[in-house]
Amino acid sequence: MKRLKSLLSLALCAAALPTAHAQGSASYPERPIRLIVPYAVGGATDVIGRVMARYLGEAVGQSIVVENRPGAGGSTGAQYASKQPADGYTLVMMVESSHAVNPNVYAKPPYDPVKDFTPITNIANVPGVMVVNAAAPFKTAQEVIEAARANPARLNYGSSGNGGLSHLSGALFGSTTKTQLTHVPYKGLGPALNDLMAGQIDVVFDNMPSSGALIAGKQLRALAVSSPQRLAQLPQVPTYAEVGLKPMNDMSWYGLGAPAGLDPVVLKKLAAAAKTALENPALVKTIEQQGALVDYQTPQQFRATVEKSNQAWARLIKDIGFEKL
């Protein structure tokens, strides 16, 4: 009899679990949420992440605290985020660099960019920009190419770290132009730009949100941008396609995700809040001022974006003969 009572008690507890879980999902969010940014303060991911955190927080009804975890081209923060509880209280910036480029350049990637995450939405598509110190002798991309050909491995470029998009952009530049630049990895593009302005490195293949203000302030000089046409903010700067670097002329996606296994109810709430945030005119204006374009996607659409981008980068990395890390 005693054993029967114990079994009945366990059965009742088990039956109550789905109800308790549903109630928890229904009341989400009950406390502040954190957003993992796998890059240093000042880079494009950080800039867009902080803008999104502000307006998403307003839409979902809780504050969202940004936590930077830079390193290894975004791999450090992305891996950390993938190991967190899938309860909706840890979100992560899922960007092309950390969730399509990085996993394909490592022989043994520490996380799966699709299986280990729950895509929520794309936030924006961002044009890349090739920048040099404003005091550098290079006035055009062609002058950098000519200098690199005349001095193999003497010119160097900074990146957000090994395996990131800025690293692969430099490798793609070298492959396309038949030149060799020396790669200098940093823990984010912010530190790389600081050294560029200090004259410690020659070139950075950056994104507009992190370089835009420095270009406008004449601390950096833009030589080429990756966009379908010239940017309104930089009408005098040619696209990569215009300077003969068509393989580099694609914009990058910057999105939002969570650890894998996120409750569907919580996912639905976050996706709806993200849509509200991305329709806010103030957010749209802020993103566009960075030279980027807002691009809301449903979780299903964003998952497809991540999957297709991984396939494309896998092919490209193979085509340019990049040696995996």
Side-chain angles (χ1 to χ4, degrees), residues 38-39 43-45 72-75 78 93-117 119 122 124-131 141 144-145 148 156-185 189 192 203-208 223-228 238-255 292-293 295 297 301-325:
Y39 295 95
T45 310
S75 179
M93 287 296 289
M94 289 179 61
V95 303
E96 187 168 1
S97 184
S98 60
H99 281 74
V101 179
N102 195 292
N104 282 292
V105 301
Y106 282 94
K108 296 181 179 180
Y111 55 90
D112 188 298
V114 177
K115 294 180 181 178
D116 291 342
F117 298 89
N122 191 31
N125 296 321
V126 179
V129 59
M130 177 183 181
V131 289
V144 175
I145 295 170
N156 53 45
Y157 71 98
S159 78
S160 61
N162 286 319
L165 179 59
S166 49
H167 176 192
L168 265 292
S169 293
L172 183 55
F173 177 87
S175 174
T176 304
T177 61
K178 310 301 181 189
T179 60
Q180 183 181 356
L181 275 66
T182 298
H183 175 225
V184 182
L189 282 166
V203 182
V204 171
F205 299 94
D206 193 19
N207 289 286
M208 278 299 295
L223 303 183
V225 295
S226 64
S227 55
T239 66
Y240 277 112
E242 288 182 89
V243 298
L245 298 170
K246 189 175 180 180
M248 300 182 67
N249 208 50
D250 291 326
M251 299 175 79
S252 303
W253 48 265
Y254 284 64
L293 299 174
D295 180 32
Q297 295 179 12
Q301 289 170 332
F302 187 39
R303 179 176 292 277
T305 293
V306 177
E307 291 174 345
K308 290 177 182 177
S309 188
N310 270 272
Q311 295 165 6
W313 275 104
R315 288 193 299 270
L316 180 60
I317 288 166
K318 182 179 180 181
D319 290 344
I320 67 174
F322 183 87
E323 186 175 347
K324 291 200 173 188
L325 303 175

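What you see is a predicted model, and the numbers here were worked out from it, not measured in a lab.
- The shortest side-chain heavy-atom distance between Met248 and Phe205 falls under the 4.5 Å cut-off.
- Taking all atoms of both residues into account, the shortest heavy-atom contact from Pro185 to Ser159 is CA-OG, 3.7 Å.
- Distance check, rounded to the nearest 0.5 Å: CG of Leu172 to CD1 of Ile320 gives 5.5 Å.
- Here the CD-CZ distance, from Gln297 to Arg303, works out to 12.5 Å after rounding to the nearest 0.5 Å.
- Remark: Lys308 NZ is loosely packed, at most 12 non-hydrogen atoms of other residues, nucleotides or ligands lying under 6.0 Å away.
- Across all non-hydrogen atoms, the minimal contact from Phe322 to Ala171 is CD1-CB, 4.0 Å.
- The closest side-chain heavy-atom distance from Ser252 to Ser97 is not below 4.5 Å.
- Closest approach of Pro127 to Ser227, counting heavy atoms only: CB-CB, 4.3 Å.
- Note on residues 103-115: pairs passing side-chain hydrogen bond (donor to acceptor under 3.5 Å, both in side chains), not counting sequence neighbours, are Asn104-Asn310.
- Closest approach of Ala148 and Thr179 over heavy atoms only: CB-CB, 3.8 Å.
- Judged purely by distance below 3.5 Å, without hydrogens or angles, the side chains of Trp253 and Thr305 never pair a donor atom with an acceptor atom.
- Looking only at side-chain heavy atoms (C-beta outward), Val105 and Trp313 stay at 4.5 Å or farther from each other.
- Evaluation of the side-chain hydrogen bond (donor to acceptor under 3.5 Å, both in side chains) test over residues 165-176, restricted to residues two or more places apart or in two chains, returns Ser160-Ser166, His167-His183.
- Going from atom CE of Met94 over to atom CG of Asp116 covers 10.0 Å, rounded to the nearest 0.5 Å.
- When side chains are defined from C-beta on, Ser98 counts as touching Tyr39, because their heavy atoms get closer than 4.5 Å.
- Shortest non-hydrogen contact noted between Pro238 and Val243 is CG-CG1, 3.6 Å.
- With a 4.5 Å cut-off on side-chain heavy atoms, Val144 and Met130 count as touching.
- Rounding to the nearest 0.5 Å places OG of Ser226 at 14.5 Å from NZ of Lys246.
- Remark: the backbone N or O of Tyr254 is paired with a side-chain donor or acceptor of Asn122 at under 3.5 angstrom.
- Residues satisfying the side-chain hydrogen bond (donor to acceptor under 3.5 Å, both in side chains) criterion with Thr45, sequence neighbours excluded, are absent altogether.
- Taking CG from Asn125 and CE from Met251, the interatomic distance works out to 5.5 Å, rounded to the nearest 0.5 Å.
- Annotation for Asn102 and Ser75: closest pair OD1-CB, 3.6 Å, computed over non-hydrogen atoms.
- With rounding to the nearest 0.5 angstrom, the CG atom of Asn207 is 9.5 Å from the CD atom of Glu96.
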